[in-house]
Amino acid sequence: KVKTGLAQMLKGGVIMDVVTPEQAIIAERAGACAVMALERIPADMRKSGQVCRMSDPRMIKEIMEAVSIPVMAKVRIGHFVEAQILEELQVDYIDESEVLTPADWTHHIEKHNFKVPFVCGAKDLGEALRRINEGAAMIRTKGEAGTGDVSEAVKHITKIKAEIQQYKENLKTESDFAAKATELRVPVDLLKTTLSEGKLPVVNFAAGGVATPADAALLMQLGCEGVFVGSGIFKSSDPEKLACAIVEATTHYDNPAKLLQISSDLGDLMGGISIQSINEAGGKNGARLSEIGW
Ligand code: PLP
């Protein structure tokens, strides 16, 4: 109960990646509902080719002291000790993130063992429900972080919605439900609740490749309940203006007149790299982060 509380409050908002207290203050002033404290944003991690770990807790603490909005921080997939450390630091939320190098290629963190709430990425319904079953209080699309290409985030939210619709129509008998739950590796009750409510039982945000106000509004119109913006904002020529614009667009996502106003004159946006330029086996732009592991 307590764990889902904060996610409900974040609903409709924008969570921004920041690497310094100064950036965190810009994000807070622009109306971000939370910040994600990081040493390097995904666009730079992608280029580095190094092992990416939890950020220095001291740096996270400086950001926590600089702002009054909730502060999130990332741990490696399966790295429950990094999570213990961040819980001790009293961050508001932990992102168990594929953007960092996984610490365990088979198991995610048993998130029920923690008091601090977790957000996890998902590309489809099964992945979302497995993370929720492990205790995630919030789900986000994986998207393709660090690219400025929104298409993977679109793919993931569309897939989750389509699967919910399809299973709602096709699963009829107890044995249909049981077979699907086994296939997805989730408890049958969790699957049933999700299908009867027609949506995930936790707050569902968009993430990965969001770079413009229109991108944020697109994902909101597709049914996301808020947006994470990573590399987009502080890779643009006028972060302050773009940050405000993305917050506005997330609020007024279904108002084209407002979106027109918000989208104009934003300066140079993140250059980005298209999904097609990323070789799945890992080319000069690296492998797809969303397809690492499983
Ligand atoms: N995503 C990443 C990046 C992983 O490394 C793993 C590892 O096992 C998974 C997802 C696994 O997820 P699932 O439980 O959906 O198979």
Side-chain angles (χ1 to χ4, degrees), residues 17 36 38 40-43 45-46 48-55 72-83 86 94-114 118-147 149 151-153 155-164 166-167 179-191 194-195 200-202 204-209 228 230-231 275 278-282 285-294:
D17 280 1
M36 179 75 70
L38 290 156
R40 270 182 301 189
I41 55 173
M45 288 184 208
R46 171 179 284 288
S48 78
Q50 295 170 333
V51 174
C52 297
R53 312 181 178 94
M54 168 185 84
S55 296
M72 302 184 166
K74 290 183 191 292
V75 300
R76 283 176 271 175
I77 287 174
H79 208 314
F80 52 87
V81 175
E82 286 186 347
L86 292 190
I94 292 178
D95 184 2
E96 185 181 19
S97 180
E98 69 284 352
V99 168
L100 305 182
T101 313
D104 187 327
W105 293 88
T106 331
H107 300 103
H108 279 65
I109 297 171
E110 252 325 309
K111 291 164 278 288
H112 285 298
N113 294 340
F114 290 81
F118 283 75
V119 55
C120 287
K123 305 184 292 298
D124 55 40
L125 183 63
E127 195 172 3
L129 295 182
R130 286 192 290 281
R131 301 294 85 82
I132 293 166
N133 192 41
E134 291 155 1
M138 182 181 194
I139 292 293
R140 54 171 175 75
T141 59
K142 282 187 166 176
E144 192 55 38
T147 59
D149 185 336
S151 65
E152 290 292 295
K155 194 199 279 180
H156 301 158
I157 184 63
T158 308
K159 176 137 197 232
I160 290 175
K161 278 200 312 186
E163 285 177 302
I164 291 176
Q166 188 192 335
Y167 301 156
K180 185 54 75 182
T182 305
E183 181 196 319
L184 300 182
R185 291 179 276 136
V186 297
V188 71
D189 284 346
L190 179 56
L191 177 62
T194 305
L195 299 186
L200 294 180
V202 303
N204 187 16
F205 268 49
F228 283 86
S231 316
I275 280 294
I278 302 172
N279 180 338
E280 286 186 33
N285 287 328
R288 290 191 187 193
L289 297 175
S290 64
E291 289 180 6
I292 295 172
W294 68 85

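No hydrogens, no waters, no symmetry mates; every other heavy atom, side chains included, goes into these values. One-based numbering, in listed order, for ligands and for the atoms of each.
Taking a cut-off of under 4.0 Å to the non-hydrogen atoms of K142, the atoms of ligand 1 that pass are 1 (N), 2 (C), 3 (C), 10 (C). For ligand 1 and T106, the ligand atoms under 4.0 Å from any heavy atom of the residue are 8 (O). Taking a cut-off of under 4.0 Å to the non-hydrogen atoms of I77, the atoms of ligand 1 that pass are 2 (C), 3 (C), 4 (C). The atoms of ligand 1 that sit less than 4.0 Å from any heavy atom of R131 are 12 (O), 13 (P), 14 (O), 15 (O).
By the 3.5 Å distance cut-off applied to N or O atoms, R130 is counted among the residues near ligand 1. Geometrically, ligand 1 and E98 share no nitrogen or oxygen pair separated by less than 3.5 Å.
With T101 contributing its side chain and C52 its backbone, the two residues share a donor-acceptor pair below 3.5 Å. Counting only distance, with no hydrogens or angles, the side chain of E96 and the backbone of G78 share a donor-acceptor pair below 3.5 Å. Looking at E163, its side chain does come within 3.5 Å of a backbone N or O of L125 through a donor-acceptor pair.
For H107, no heavy-atom contact with ligand 1 is shorter than 4.0 Å. Residue E134 does not touch ligand 1, judged by heavy-atom distances below 4.0 Å.
If you take CZ on R185 and CZ on R130, they are separated by 4.0 Å, rounding to the nearest 0.5 Å. Note that CD1 of I164 is 9.5 Å distant from CG of L191, once rounded to the nearest 0.5 Å.
Atom 11 (C) of ligand 1 has its nearest heavy-atom neighbour, among R185, E127, H108, in H108.
Just one of I41, D17, T147 meets the side-chain contact (heavy atoms from CB on, under 4.5 Å) condition when paired with S231; it is I41.
When all heavy atoms of I160 and D124 are compared, the closest pair comes out as CG1-C, 3.6 Å.
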